[in-house]
There are 2 protein chains.
Amino acid sequence: MIQNLLAALLLFGLLSCGGTDRETHPSEQPGMCAKEEMAADGIVRLSKIEVWPQFLDEYMKYAMEVGEISLRTEPGVLTMYAVAEKENPCKITILETYASKEAYDKHIASAHFRKYKQGTLHMVKSLELTDQTPLNPANRINNFME
Amino acid sequence: MIQNLLAALLLFGLLSCGGTDRETHPSEQPGMCAKEEMAADGIVRLSKIEVWPQFLDEYMKYAMEVGEISLRTEPGVLTMYAVAEKENPCKITILETYASKEAYDKHIASAHFRKYKQGTLHMVKSLELTDQTPLNPANRINNFME
């Protein structure tokens with residue numbers, strides 16, 4: 001009985017000592033924060049952005065900066081993987097995964113996201129956000145900065 | 001019977017996937033073969049597939065099977081991550097990464113890919129393959145089956 005109580009107390013301590021009420025997993029990559037588990041209201045999204053050609057180089061700097069900071073420092077940003085079409089580098093697709101709606105709200109309220117958003121508004125010709133469902137929940141991605 | 005065949009295929013793949021002269025890295029995930037390093041002629045691709053609605057359930061089975069076998073057993077298949085639009089599940093996007101052109105050729109010559117391709121030809125309304133360049137080479141993905 002006392003052993004069970006002790007175990008429960010220990011478990012409670014372990015779960016609560018990260019300062020977040022959501023479970024996190026330590027990353028094996030240096031410079032990467034621990035990541036939250038995907039919650040029921042997690043988001044998997046493909047963001048399709050077309051950039052005006054004259055702004056492409058400048059846009060890339062903003063996009064790389066916000067991608068790196070988000071992935072390194074936000075526990076709820078599980079993937080932020082951006083690719084550009086080989087034939088037309090102005091057409092960018094980003095695989096974005098947020099552990100929860102709360103994690104997404106935190107992301108778009110962050111200083112680094114707002115800097116990106118406000119700094120690139122005039123560079124973006126079109127933006128399409130399409131929420132997705134993974135075909136196979138057992139197919140997992142660990143996305144990190146090297 | 002089909003389960004046994006799948007298991008045999010998986011086992012064959014697991015046992016045989018060390019037999020390459022390209023550098024491989026052992027996976028930390030059980031049931032995942034070691035993966036090759038990305039070569040200069042590696043391929044990052046977004047495949048966009050629209051499936052005829054009446055075949056969607058059947059298509060999903062084929063897609064999940066080929067995805068799992070490819071990712072588990074092919075050293076040169078680095079990502080095979082499929083998502084479907086929430087608003088229209090017939091619209092599927094797959095993030096496919098091959099370590100080299102050779103790895104891609106091996107993939108499309110494999111029994112599991114040919115089974116998928118031939119089995120689903122009549123289910124596919126449209127198919128668009130678009131090669132991509134990652135924005136940031138330091139942004140890495142480890143894709144695996146859990």
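Because the structure is predicted, anything quoted here is derived from the model rather than measured. Numbers restart at 1 for each chain; the letters A, B, ... are given by sequence-line order, proteins then strands.
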Hydrophobic cluster membership, [X] vs [Y], 4.5 Å side-chain cutoff:
{"X": "A/Ile92", "Y": "A/Val44", "value": "no"}
{"X": "A/Ile69", "Y": "A/Met60", "value": "no"}
{"X": "A/Ile108", "Y": "A/Leu71", "value": "yes"}
{"X": "B/Leu121", "Y": "B/Leu127", "value": "no"}
{"X": "B/Met80", "Y": "B/Val124", "value": "yes"}

Compile a table of inter-chain donor-acceptor pairs under 3.5 Å between chain B and chain A, counting both main-chain and side-chain atoms.
residue, atom, partner, partner atom, Å
B/Met80, O, A/Asn139, ND2, 2.7
B/Ala82, O, A/Leu135, N, 2.9
B/Ala84, N, A/Thr133, O, 2.9
B/Ala84, O, A/Thr133, N, 2.7
B/Glu85, N, A/Gln132, OE1, 3.2
B/Lys86, N, A/Asp131, O, 2.9
B/Asp131, O, A/Lys86, N, 2.9
B/Gln132, OE1, A/Glu85, N, 3.2
B/Thr133, N, A/Ala84, O, 2.7
B/Thr133, O, A/Ala84, N, 2.8
B/Leu135, N, A/Ala82, O, 3.0
B/Ala138, O, A/Glu146, N, 2.7
B/Asn139, OD1, A/Asn143, ND2, 2.6
B/Asn139, ND2, A/Met80, O, 2.7
B/Arg140, N, A/Phe144, O, 2.7
B/Arg140, O, A/Asn143, ND2, 2.8
B/Arg140, O, A/Phe144, N, 2.9
B/Arg140, NH1, A/Glu146, OE1, 3.1
B/Arg140, NH1, A/Glu146, OE2, 2.8
B/Asn142, N, A/Asn142, O, 2.7
B/Asn142, O, A/Asn142, N, 2.7
B/Asn143, ND2, A/Asn139, OD1, 2.7
B/Asn143, ND2, A/Arg140, O, 2.8
B/Phe144, N, A/Arg140, O, 2.9
B/Phe144, O, A/Arg140, N, 2.7
B/Glu146, N, A/Ala138, O, 2.7
B/Glu146, OE1, A/Arg140, NH1, 3.1
B/Glu146, OE2, A/Arg140, NH1, 2.8

- prompt: Given a strict heavy-atom distance threshold of 4.5 Å, which part of A/Ile94 is in contact with chain B: side chain, backbone, both, or neither?
  reply: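 Neither part.
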- prompt: At a heavy-atom separation under 4.5 Å, does A/Ile141 approach chain B through its side chain, its backbone, both, or neither?
  reply: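 It is both, since atoms from each part get that close.
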message: I need the minimum non-hydrogen distance between A/Cys33 and A/Pro75, along with the two atoms involved.
response: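 Smallest heavy-atom distance, with atoms named: SG-N, 3.6 Å.
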- request: Pick one of side chain, backbone, both or neither for B/Met145, based on which atoms fall under 4.5 Å of a heavy atom in chain A.
  value: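 For B/Met145, heavy atoms of backbone and side chain both lie under 4.5 Å from chain A.
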query: How far does CG of A/Leu46 sit from CG of B/Leu95, to the nearest 0.5 angstrom?
result: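 These two atoms lie 9.0 Å from each other.
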